Amino acid sequence: LATGPRQNNSIFYEIRTYDIKPSKMKEFVEMVNKDFHLRTAHSELVGFWSAELGAMNKVFHVWKYDNFAHRAAVRHALANDKDWQGKFLFSALPLIEKQHNEVAYLVPWCQLGKPPKEGGVYEWVTFQLKPGGPALWGEAFRAAINAHINTGYTKLIGVFHTEYGLLNTVHVIWWNESPDHRAAGRHKAHEDARVVAAVRDSVRFLDSQQNVLLIPLQCSPLK
């Protein structure tokens, strides 16, 4: 089934997740921090994080593209960039166990946000929803997201739904000052009648949910 309405432009986001060999995680992060400017010279990086809780030896990064022709041109340029291939990619690939990518759009009612300050942590929440896309679950899901925003303990960065990959998947990125600040806010939210009502209405569209606490890398624009 179609994923439903999206924002009225051709911009999309490629979400990449890599599983890194456990003994090589430190080396991989050091390589990224040192040489990833070679990659960001070609296209816009939204954020780059390593998993702290909810997953291990995993990194998440998100790229912004104007359209599919833009992405194709970037991939072509990367394939012909000897510095990128020789100084980073050739050495990094043996450290990676598995790669996964998705193409996703921001939901129609969400703009990409930024944290109010640097130094916090990010929560990456993946929802697997019933087939039908935002046309089916969008209104109830939006109400649940807004109910959490209205509690004031967290900052919404973005809500993405997949176009390529497992369909009817929604990734929500939140920012919090610290893991403890997030835990205290969640506790209060669970006692808020507005949050409880909104979640009860939206959960009827939910199949599964996974949360990962993320730490931004030095190269990440979102810190």
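Being a predicted model, the structure only gives us computed values, none of them experimental. Values reported hereafter were calculated over all heavy atoms of this structure, with side chains retained and with hydrogens, waters and symmetry mates removed.
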Enter the distance from L167:CG to T169:OG1 here, rounded to the nearest 0.5 Å.
7.5 Å
Report yes or no: do V46 and I173 belong to one cluster of Ile/Leu/Val/Met/Phe/Trp/Tyr joined by side chain heavy-atom distances under 4.5 Å?
yes
Residues at least two apart in sequence or cross-chain that pass salt bridge (charged side-chain N to carboxylate O under 4.0 Å, His left out) with E27, listed by chain then number, are K24
Side-chain heavy atoms of I96 within contact of F28, under 4.5 Å:
yes
Is a side-chain donor or acceptor of R204 paired with a backbone partner of D201 at a separation under 3.5 angstrom?
yes
NZ/NE/NH1/NH2 to OD/OE distance under 4.0 Å, D19 and K58:
yes
Min side-chain heavy-atom separation V212-L53 under 4.5 Å:
no
At what distance, to the nearest 0.5 angstrom, does CE of M31 lie from OG of S91?
4.5 Å
Given side chains that start at C-beta, do those of F160 and V170 come closer than 4.5 Å, heavy atoms only?
no
Taking side chain as C-beta onward, heavy atoms only, is K87 less than 4.5 Å from L38?
yes
Would you say H187's side chain and A183's backbone share a donor-acceptor pair under 3.5 angstrom?
no
Mind checking what makes salt bridge (charged side-chain N to carboxylate O under 4.0 Å, His left out) contact with K130, not counting sequence neighbours?
D207
How are the rings of F12 and F68 set relative to one another: parallel (under 30°), tilted (30 to 60°) or perpendicular (over 60°)?
parallel
Taking L222 as the starting point, is it possible to reach V121 by hopping between hydrophobic residues whose side chains are less than 4.5 Å apart?
no
Looking only at heavy atoms, the pair that brings Y105 and S10 closest together is CE2-O, 4.4 Å
Let me check something: do I15 and L106 share a hydrophobic cluster, defined by ILVMFWY side-chain heavy atoms less than 4.5 Å apart, either directly or through other members?
yes
Donor-acceptor pair, side chain of K223 and main chain of Q218, under 3.5 angstrom
yes
Side chains of T151 and D192: donor-acceptor distance under 3.5 Å anywhere?
no
Drop me the distance from C110's SG to L156's CG, to the nearest 0.5 angstrom.
5.0 Å
State yes or no: are the ring centers of W49 and F60 separated by less than 6.0 Å?
no
Sort out for me which residue in K64, R71, H61 forms a side chain to side chain donor-acceptor pair (under 3.5 Å) with E14.
R71
Distance (rounded to the nearest 0.5 Å) between T162 OG1 and L129 CG:
9.5 Å
Please evaluate residues F127 and N168 with respect to the criterion side-chain contact (heavy atoms from CB on, under 4.5 Å), reporting the C-alpha separation (whole Å), side-chain torsions for both, the decisive distance (0.1 Å), and the verdict.
CA-CA 8 Å; F127 299 89; N168 301 293; over 6 Å; no
Check whether any side-chain heavy atom of Y13 lies under 4.5 Å from a side-chain heavy atom of V103, and answer yes or no.
no
Under 3.5 Å, side chain of D81 to main-chain N/O of A77, donor-acceptor pair present?
no
Can you confirm whether or not the ring centre of F205 sits under 6.0 Å from the ring centre of F141?
no
Below 4.5 Å, heavy atoms only, C-beta onward: do K26 and E30 meet side chain to side chain?
yes
Heavy-atom side-chain contact between R39 and L78 under 4.5 Å
yes
Side-chain donor-acceptor pair present, E102, H171, cut-off under 3.5 Å:
yes
One should read off an interatomic distance between R186 CZ and H181 NE2, to the nearest 0.5 angstrom, of 13.5 Å
With a cut-off of 6.0 Å (strictly less than), are more than 12 heavy atoms of other residues, nucleotides or ligands near NE2 of H76?
no
For N211 and Q209, does a side-chain donor sit closer than 3.5 Å to a side-chain acceptor?
yes
Check: W137 and H161 side chains under 4.5 Å, non-hydrogen atoms:
yes
For P216 and G120, the nearest pair of non-hydrogen atoms, with its separation, is CD-O, 4.1 Å
Applying side-chain contact (heavy atoms from CB on, under 4.5 Å) to L214 and S50, what does each step give before you reach the verdict?
CA-CA 6 Å; L214 302 176; S50 62; over 6 Å; no
Fellow cluster residues of V199, listed by chain then number, with links counted only when side-chain atoms sit under 4.5 Å apart:
V195
Heavy atoms only: give me the nearest S202-A140 pair and the separation to one decimal.
CB-O, 3.6 Å
For K21 against P94, the heavy-atom pair lying closest together:
NZ-O, 2.9 Å
Using the six-membered ring wherever Trp is involved, compare the ring planes of F36 and W63 and label them parallel, tilted or perpendicular (cut-offs 30° and 60°).
tilted
side-chain contact (heavy atoms from CB on, under 4.5 Å) for T17 and V59? Distances and angles first, verdict last.
CA-CA 6 Å; T17 56; V59 296; over 6 Å; no
Please say whether more than 12 non-hydrogen atoms of neighbouring residues, nucleotides or ligands are located less than 6.0 Å from CZ in R75.
yes
State the CG-NE2 distance between D35 and H37, to the nearest 0.5 angstrom.
6.0 Å
Kindly work out whether a path of hydrophobic side-chain contacts (I/L/V/M/F/W/Y, heavy atoms less than 4.5 Å apart) joins I157 to Y153.
no
Identify the heavy atoms of V32 and C219 that sit nearest to each other, and give their distance.
CG1-SG, 3.5 Å
Intermediate values then yes/no, side-chain contact (heavy atoms from CB on, under 4.5 Å), H100 and R16:
CA-CA 6 Å; H100 177 71; R16 287 181 165 245; over 6 Å; no
N67 side chain to A69 backbone, donor-acceptor under 3.5 Å:
yes
Applying the 4.5 Å side-chain criterion to the ILVMFWY set and letting contacts propagate, would L93 and F88 be lumped into a single cluster?
yes
Nearest atoms (heavy-atom pairs only) where G54 meets Q210:
O-NE2, 3.8 Å
